[in-house]
Amino acid sequence: MPDDLSPHAWPLDNSYARLPDRFYARLAPTPVATPKLVKLNRPLALQLGLDPEALASPEGVAMLAGNKLPPGAEPIALAYAGHQFGNFVPQLGDGRALLLGEVIDNTGVRRDIQLKGSGPTPFSRRGDGRAALGPVLREYIISEAMHALGIPTTRSLAAVTTGEPVYRETALPGAVLTRVASSHIRVGTFQFFAARGDVDAVKLLADHVIARHYPDATGYRDLYEKVIARQAALVAQWLCIGFIHGVMNTDNVSIAGETIDYGPCAFMDVYHPETVFSSIDHMGRYAYAKQPQIAGWNMARLGEALMPLFSGDPDEALKQANESLQTYNVRFGRALVGGLRRKLGLFTEQDGDGELAQAFFSVLADNGIDFTQAFRRLGEGTARGLFDEPAPFDAWEQRWRDRIAQEPQDEATRREAMRAANPIYIPRNHRVEAALGAAIERGDYGPFEELLTVLARPFAERSEFDAYALPPSEDEQRNFRTY
Ligand code: AMP
Ligand code: MG
């Protein structure tokens, strides 16, 4: 049977693998003992032009585990560098992931298909190249939740267990995640070549990025400013939803402006600007409210890498990079206030709107109020019930009522708009942990599946899922940490 008629023929292209050899290492995934499909994202498969039935068959599962290559795959581990917690590491790279190739999805967008946990690569250093089931399921849940919340993100196509243990602090079941991304090009990819003084490669990469992600860019300065704009918009969306990425190193910043590398990320329950969940973020560098500033810092590092493309004169190049970087604060501020207006049910713009939102945040922080519930219930008119001591809320609410009285829209329209801006269901840590625990300890994927069902429609209240809207009990809260 010709390849193009086989249900196992992924329509793969390999544009990144056509870049020069120094952009990646070519190698095949390392086979695993006994692949077993534990989750397949059928709607996403269809969107990518892949046959879900074929993917779920033994041959398809062998491909999702890295035991067999789909026809047309040219697997590569991408080279990149990055600033990790502020310190530059000149070589990181895909130490446990392989890009199989790219497909054009049904909206015409080129999407990477990558196996994560597929075995060691030349970039692995001392790592085993593998992933444990817990983090794989966690990435699956949170990335798909982010997508449903309308936030740019990598997606999860499949999770396969390997039948092999991985050794962390203890032996854990191994798994492979199939990740889908607009691309896996990171700020750190540019830094990799810039650090070597390889300006030719920086230019080739920039041209590739323009062709792929920013076809309207009028030049390298414009490319830089477009990346900045997407990053600013992304971080504003994170703040509006209570998301904490956890490890905003430059190697974890997508040039396409998608949320990428779901490791120690988590959603806040009680609002506090200094919230940190990551066990390795001792200094709170990547705390909730630090994220805008860190994203700006990361964009400055991108500017340094791109500078040789701006001008042959280093002083002039630096001047231009700094000018472009100035656009970050403006873009971010505008995106954040826009997002907050939507959350507060404001359709028109007034100067004090950002300050009004900040005042609400302060009331939440001072009173230890759940972030997601506060905004959702504000729209429903029941937020007061969240407060033991309602006076501070009452005072703020009066300001808000005065403000919305100046809006042309009627109450019902505002309520509907607030429901569409403020989710009722987010991947709360205690729910995610419970779903992972059931799957890992008992092989019970019921809670995982139900959580995915709830999170697929985060704005649509469904009475049978009432409990998913609730914050953790004190017992469930227990100093939650991510790894
Ligand atoms: P991450 O925390 O997934 O963003 O990874 C940071 C860096 O460590 C990247 O260069 C990864 O490829 C590498 N890495 C993470 N886990 C492993 C592993 N189990 N084996 C080899 N390399 C890894
Ligand atoms: Mg990473």
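These numbers come from the heavy atoms of this one structure, side chains and all, not from hydrogens, waters or symmetry mates. Remember, it's 1-based here, ligands and their atoms both numbered in the order they're listed.
- Closer than 4.0 angstrom to ligand 1 by heavy atom are Tyr80, Leu92, Gly93, Asp94, Gly95, Arg96, Ser124, Gly127, Asp128, Gly129, Arg130, Arg168, Asn252, Asp261, sorted by chain and number.
- Between the side chain of Thr259 and the main chain of Pro152, a donor-acceptor pair closer than 3.5 Å is present.
- Using a distance-only test at 3.5 Å, with no hydrogens or angles considered, a donor-acceptor pair links the side chain of Thr250 to the main chain of His83.
- The Mg ion (ligand 2) has Asn252 OD1, Asp261 OD2 as its protein N, O or S neighbours under 2.8 Å.
- Put simply, the side chain of Met268 does not reach to within 4.5 Å of the side chain of Thr372, judged on heavy atoms.
- With hydrogens and angles disregarded, a donor-acceptor distance shorter than 3.5 Å links the side chain of Tyr24 to the backbone of Leu19.
- For Ala131, the side chain to side chain contact (heavy atoms under 4.5 Å, CB included) partners two or more places apart in sequence, or in a different chain, are Arg96, Val136.
- Of the residues Val166, Thr162, Thr161, the one that meets the side-chain contact (heavy atoms from CB on, under 4.5 Å) test with Glu164 is Thr162.
- Counting only distance, with no hydrogens or angles, the side chain of Gln291 and the backbone of Val235 share no donor-acceptor pair below 3.5 Å.
- A donor-acceptor pair is defined here as one N or O able to donate and one able to accept, closer than 3.5 Å; no such pair exists between the side chain of Ser324 and the backbone of Ala321.
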Scan the side chains in residues 57-74 for donor-acceptor partners under 3.5 Å anywhere in the protein, sequence neighbours excluded, and list what turns up.
unit_1 : atom_1 : unit_2 : atom_2 : d
Ser57  : OG     : Ala54  : O      : 2.6
Ser57  : OG     : Gly60  : N      : 3.3
Glu59  : OE2    : Lys68  : NZ     : 2.9
Asn67  : OD1    : Val32  : N      : 2.7
Asn67  : ND2    : Val32  : O      : 3.0
Glu74  : OE1    : Arg26  : NH1    : 3.1

